[in-house]
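Have a look at the structure below before the remarks.
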Amino acid sequence: MAASLVLVINCGSSSIKFALVDTADGEFPLHGMAERLNSPQAVIHWVIGDQRRDVALPDGDHKAALAALLPHVQEFAGDRLVAIGHRVVHGGEAFTEACVVDAAAHRAISAAAALAPLHNPANLLGIDAAAALFPALPQVAVFDTAFHQTLPPHAYRYALPEALYTEQGVRRYGFHGTSHNYVTARAAAMQGVPVDASAWLSAHLGNGCSTCAVLNGRSVDTSMGFTPLEGLVMGTRSGDVDPNLHGFLARELGWDLERIDSLLNRESGLLGLSGLSNDMRTLEQARADGHAGATLAIEVFCYRLAKSLAALACALPRLDGLVFTGGIGENSVLVRERTVAHLQLFNLRLDAERNRRCVGGTSGPIQADGSAAILVVPTNEELQIAMETRACVQAMAA
Ligand code: ADP
């Protein structure tokens, strides 16, 4: 059997999501998550075939979790494992595509930690632990930012003095690149158009949310910026606010940077607006029960999303379609309906029945007859990471 398996690892500060991905058929023979690492409650949840297991790993760290994973991966994969693919949040300007992690790449990922202090160090923990446990296998880094390195300067530069860009790297980077790349390529395949001659608007709506304009398979603009806080209303993140808000909060309320950071990243968005929850399912239920905060939160979320999509349309010469993905984009009939209602100027209109049908992993077109295409495409970041990892290893061997 051809070697086609890739172990995909997504390390957070206290968690690891993992999946053994068969790039030949897109199946995940083994997947799961380790969470609450470095605490007495550390635990690994597995799914192997149709079996589920939860294994306690008291005080286990990243390496202990990966070590627990190793025998199962080896037992299943034998010599069919070709590489380990790591999701890395920030590649700065150093990485325009996935790369094998050698010493120079390791240094560059470490350097980009200044731009992503919470994420990159955790990603490196995973890379180091996996390299120690699987020394014979290439470790490949796949970056959330790399897909957006094709943005032109007029899309990625802020109107700030040049030195902040050249000396500190202050520019728009964009995130969720793996997902926008995957779903727009799928959308092109679904519509029967070549991806390198296609134009899409894509909305990734999970706990974090972003939009992207993709022209001929390349990202040309996106809503997230220097950090994942810019742009849309998200679960707990505010998205765009007037930058002078910082000064106001400091002067009027005496808030320091940490307090303001927590406000904008953890207490705002759907949670802040509704006063109830960051979870769209809860908000939809509350709206149906007449909750005013939930109703407002959904209206602001959808209007701001539509406004962002309209703005990104400036980056495209034409439109092959609009793609919805992420937990909200794949499941929320209401959010799709409220959002598209603001986009009539772009000849985008939904078919109510098709919209209702595309939930729970069902993909398909949901536009009304005569409208530009609107597609629901479930994202599959693990598969995209696995495919890029495999391609990277093959290119290295060629
Ligand atoms: P993450 O960004 O953490 O990967 P997901 O992509 O899983 O998150 O998206 C989580 C969001 O999707 C939550 O707001 C959740 O309420 C929403 N969601 C999931 N299922 C539904 C549903 N059936 N209807 C509406 N929203 C849903």
Side-chain angles (χ1 to χ4, degrees), residues 12-15 88-93 110-123 144-145 148 155-177 204-212 221-280 282-283 292-305 307-308 311 326 328:
S13 55
S14 64
S15 70
V88 178
V89 168
H90 217 308
E93 287 189 326
S110 215
L115 302 170
L118 295 180
H119 293 103
N120 276 31
N123 301 151
D144 261 22
T145 50
H148 303 300
Y156 74 68
R157 284 293 297 275
Y158 290 112
L160 292 169
E162 167 101 13
L164 278 174
Y165 168 56
T166 52
E167 291 167 25
Q168 308 296 330
V170 177
R171 53 159 284 179
R172 309 185 63 252
Y173 290 98
F175 300 86
H176 292 145
H204 176 105
L205 311 173
N207 281 309
C209 300
S210 70
T211 52
C212 186
D221 203 355
T222 189
S223 61
M224 283 179 168
F226 181 58
T227 75
L229 182 58
E230 187 175 331
L232 306 179
V233 174
M234 312 186 205
T236 62
R237 291 181 219 148
S238 62
D240 293 341
V241 292
D242 187 327
N244 273 332
L245 180 62
H246 281 72
F248 174 85
L249 295 173
R251 281 190 308 275
E252 295 297 316
L253 302 178
W255 287 13
D256 62 12
L257 284 178
E258 220 166 296
R259 180 74 194 85
I260 297 171
D261 189 82
S262 166
L263 170 85
L264 297 177
N265 283 287
R266 288 185 283 283
E267 301 161 37
S268 297
L270 293 172
L271 174 65
L273 271 167
S274 67
L276 183 67
S277 171
N278 63 327
D279 191 288
M280 189 56 84
T282 308
L283 295 183
T295 306
L296 177 69
I298 293 172
E299 289 307 311
V300 177
F301 181 92
C302 295
Y303 178 68
R304 288 269 298 274
L305 169 59
K307 202 160 109 167
S308 172
I328 297 172

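For reference, positions follow the sequence shown, starting with 1.
- Nearest heavy-atom pair, His148 versus Cys212, reported as atom, atom and distance to 0.1 Å: CE1-SG, 3.6 Å.
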Checklist entry - Taking it one step at a time, do Leu160 and Tyr165 satisfy side chain to side chain contact (heavy atoms under 4.5 Å, CB included)? => result CA-CA 8 Å; Leu160 292 169; Tyr165 168 56; over 6 Å; no
Checklist entry - For Ile298 and Met280, what are the C-alpha separation, side-chain angles and deciding distance, and is it a side chain to side chain contact (heavy atoms under 4.5 Å, CB included)? => result CA-CA 8 Å; Ile298 293 172; Met280 189 56 84; 3.9 Å; yes
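- A side-chain contact (heavy atoms from CB on, under 4.5 Å) with Thr211 is found for exactly one of Thr222, Leu232, Asp221, Leu205, namely Leu232.
- A pairwise comparison of heavy atoms in Asp240 and Glu230 identifies OD1-CG, 3.3 Å as the closest pair.
- Taking 4.5 Å as the limit, every side-chain heavy atom of Leu164 sits out of range of all side-chain heavy atoms of Tyr158.
- Taking both residues in full, the closest heavy atoms of Ser210 and Ser223 are given as CA-OG, 3.3 Å, listed atom of the first, atom of the second, then distance.
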Next on the checklist: Please evaluate residues Leu229 and Ser238 with respect to the criterion side chain to side chain contact (heavy atoms under 4.5 Å, CB included), reporting the C-alpha separation (whole Å), side-chain torsions for both, the decisive distance (0.1 Å), and the verdict.
Outcome noted: CA-CA 7 Å; Leu229 182 58; Ser238 62; 3.9 Å; yes
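- Rounded to the nearest 0.5 angstrom, Asn265 CG and Met234 CE are separated by 9.0 Å.
- Interatomic distance, Ser268 OG to Arg237 CZ, rounded to the nearest 0.5 Å: 11.5 Å.
- Cys209 SG to Ile328 CD1: the interatomic distance, rounded to the nearest 0.5 Å, is 5.0 Å.
- The distance from the CG atom of Leu249 to the CG atom of Asp256 is 11.0 Å, given to the nearest 0.5 Å.
- Arg172 approaches Met224 most closely through the heavy-atom pair NH2-O, 3.1 Å.
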Checklist entry - Stepwise, does the side chain to side chain contact (heavy atoms under 4.5 Å, CB included) test hold for Leu263 with Trp255? => result CA-CA 10 Å; Leu263 170 85; Trp255 287 13; 3.9 Å; yes
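- Ring pair His90/Phe175: centre-to-centre distance below 6.0 Å.
- For the atom pair CG (Leu271) and CG (Asn207), the distance works out to 11.0 Å, reported to the nearest 0.5 Å.
- For the atom pair Leu296 CG and Leu270 CG, the distance stands at 10.5 Å (nearest 0.5 Å).
- A 6.0 Å sphere centred on CG of Leu253 holds more than 12 heavy atoms belonging to other residues, nucleotides or ligands.
- In this structure, Glu267 and Ser262 approach most closely via the heavy-atom pair OE2-OG, 2.6 Å.
- Looking at heavy atoms from C-beta onward, Thr145 lies out of side-chain contact with Val89 at the 4.5 angstrom threshold.
- Heavy atoms from other residues, nucleotides or ligands lying under 6.0 Å from CZ of Phe248 number 12 at most.
- Contact between Tyr173 and Leu115 at its shortest, heavy atoms only, is OH-CD1, 3.7 Å.
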